[in-house]
2 protein chains.
Amino acid sequence: MSETAASGPDRQPIWSRPERGSRGPAPAHSRDAIVVAAINLADTEGLAAVSMRAVAAALGTGAGSLYRYLSSRDDLLDLMTDRAVGELRPYPQVEGDWLETMVLLGRRQLALFGAHPWLLDVIHRPSGIGPQSLAWFDNCIRILEPVRCPVAAKFETIAMMTGVVSLFARRESAAGAFSFAGVDLAAYPHLVAAFSQPSGPAPRADLVERTLRSLLTGLLLGEPTDAG
Amino acid sequence: MSETAASGPDRQPIWSRPERGSRGPAPAHSRDAIVVAAINLADTEGLAAVSMRAVAAALGTGAGSLYRYLSSRDDLLDLMTDRAVGELRPYPQVEGDWLETMVLLGRRQLALFGAHPWLLDVIHRPSGIGPQSLAWFDNCIRILEPVRCPVAAKFETIAMMTGVVSLFARRESAAGAFSFAGVDLAAYPHLVAAFSQPSGPAPRADLVERTLRSLLTGLLLGEPTDAG
DNA sequence: TGTAAACCGCAAACGCCGTTCGCGATTTGT
DNA sequence: ACAAATCGCGAACGGCGTTTGCGGTTTACA
């Protein structure tokens, strides 16, 4: 009736569970190697391709063997997320004002979502926060130190910034995949009127930055905008 | 070698596929009844409980029978989404200015996400837009008619508003489910410093509305905020 | 040093999933 | 009347995450 470190009734989160015990033979793989294989799979073939069997096959073993290193697929996704967040390092030293630094961090997040689109499907799960994510939070709090407002507001703002960046990232990857196939557009007069309109040039430019700036100032400093 | 209306190589989207042919016996169920059962299941037990077998069982039939009415589970999710979006009706007549009307719509969306939390896991899939969603878009475009800006900007703004509302909805349903279990907080000095701070009162209030207002004006009317 | 406990990789199996298929029965168009 | 189309149904297929039991390997401790 032995209880391996990984299986069993999931007593502790993955972050504090030791990777291996001290008794048995040396493991053929490592937790990080598994995570790297899973991330490569997700990057190239999408998150749906990250099945325990596929990840195990990429490492030349069987699905069941992975459970020597992690206790569930959710654990694997948590580890993938935290490792990807680690790619946001190194964090910029605070030089200018906090707003510019936060916007810079937002653009880094956007790039990260571009490099690992599967993050969009993974970050919204309720799960334990890993050390790299904590380091990122810690860094944001440090940057926001000069801002005079309750801590809760800072946390909410950081989360909201990440969320808004994820929305922009999704828009870029979806790239107008709207499909009006199969519906009779005649029932939506304002839509067809808008579409028949000559549609001026795309207002792109620094839309993300402008949005982030407006969001950060709006959430952290009372209300600087009141266009009524 | 007959080809049923629902099965086969998925020639046309669900919205234009006729619910039944004219030949055979009367169907025991209906597309809408299936969708209602699925929505009830999702509302009470979560989206994961919406399996073809479970939905069929709720209707007193077998999983395979559902494929007489829809061609895939994705179709079912699309139908569920569109039916839920239909609950946003009736749409308010434009009375005041467009900004207030849009903010009102945003609050309605927030309420919808609260009533059907599974929408949060479903709206981000690339899929065909249903008639109710189109009607909602049509209404938004109508409200934004007095705004002088390219159509593309209006569409992006509507999508971004929906996205931001979904972020707030997620925050409300998650309700601070952060779990720092299993990590050594000592490595994150700014975090512990922020937490040890007496943390003023929650700045809640009309955070959603303020954010939406700032977002809408920022995206549609150049840049009214420039807190540099 | 001997031995028992702990750990390894592996393959088979379990229960669930979405989906397909073939069947007999039923209704409709011509 | 008869063929074509559709119905409900149950069995089956392949894939999934996960568990389990096994023989072999390594370590801790008496």
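Labels below follow one simple rule: chain letters A, B, ... track the order of the sequence lines, proteins then strands, and each chain is numbered from 1. This one's a predicted model, so the numbers in the text were calculated from it and none came from an experiment. Computed over heavy atoms, backbone and side chain alike; hydrogens, waters and symmetry mates excluded.
For the pair A:Leu66 CG and D:dG17 P, the computed distance is 10 Å after rounding to whole Å. The nearest whole Å value for the distance from the OH atom in A:Tyr69 to the C1' atom in D:dT18 is 17 Å. Remark: P of C:dG18 and CG of B:Leu70 are 12 Å apart, rounded to the nearest angstrom. As rounded to whole Å, 14 Å separates atom P of D:dT6 from atom CD of B:Glu19.
For DNA chain D, the neighbouring residues in residues 25-50 of chain A, judged by any heavy atom under 4.0 Å, are A:Pro25, A:Val50.
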Go through the steps for B:Leu191 and A:Phe155 under the test side-chain contact (heavy atoms from CB on, under 4.5 Å), then give the verdict. CA-CA 10 Å; B:Leu191 268 186; A:Phe155 275 98; 3.6 Å; yes
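Within the nucleic acid shown, B:Ser65 comes within 4.0 Å of at least one base atom, counting heavy atoms only.
Taking only side-chain nitrogens and oxygens, B:Tyr67 never comes nearer than 4.0 Å to OP1 or OP2 of D:dC9. Considering only side-chain N and O atoms, A:Arg73 lies under 4.0 angstrom from the phosphate OP1 or OP2 of D:dG17.
Looking at A:Arg68, its side chain comes within 3.5 Å of the base of C:dG9 through a donor and an acceptor atom.
With sequence neighbours excluded, no residue forms a side chain to side chain donor-acceptor pair (under 3.5 Å) with A:Asn40. For A:Asp82, the salt bridge (charged side-chain N to carboxylate O under 4.0 Å, His left out) test picks out no residue, with sequence neighbours left out.
Between the CE atom of A:Met80 and the NE2 atom of A:His116 there is a distance of 9.0 Å, given to the nearest 0.5 Å. Considering CG of B:Leu79 and OH of B:Tyr69, their distance stands at 14.0 Å, rounded to 0.5 Å.
In B:Arg108, the CZ atom is crowded: over 12 heavy atoms of neighbouring residues, nucleotides or ligands sit closer than 6.0 Å.
Using bins of under 30°, 30° to 60° and over 60° for the plane-to-plane angle, the ring pair B:His124/A:His124 lands in the parallel bin.
Closest to the side chain of A:Arg23, from the set D:dG17, C:dC7, C:dG29, is C:dC7. Comparing C:dC17, C:dG9, D:dG17 by their nearest atom to the side chain of B:Arg53 picks out C:dC17.
Toward the 5' end of DNA chain D, the nearer of the two residues B:Thr61 and A:Gly64, judged by each one's closest nucleotide, is B:Thr61. Heavy-atom nearest nucleotides on DNA chain D were determined for A:Ala54 and for B:Ser22, and the one closer to the 5' end corresponds to B:Ser22.
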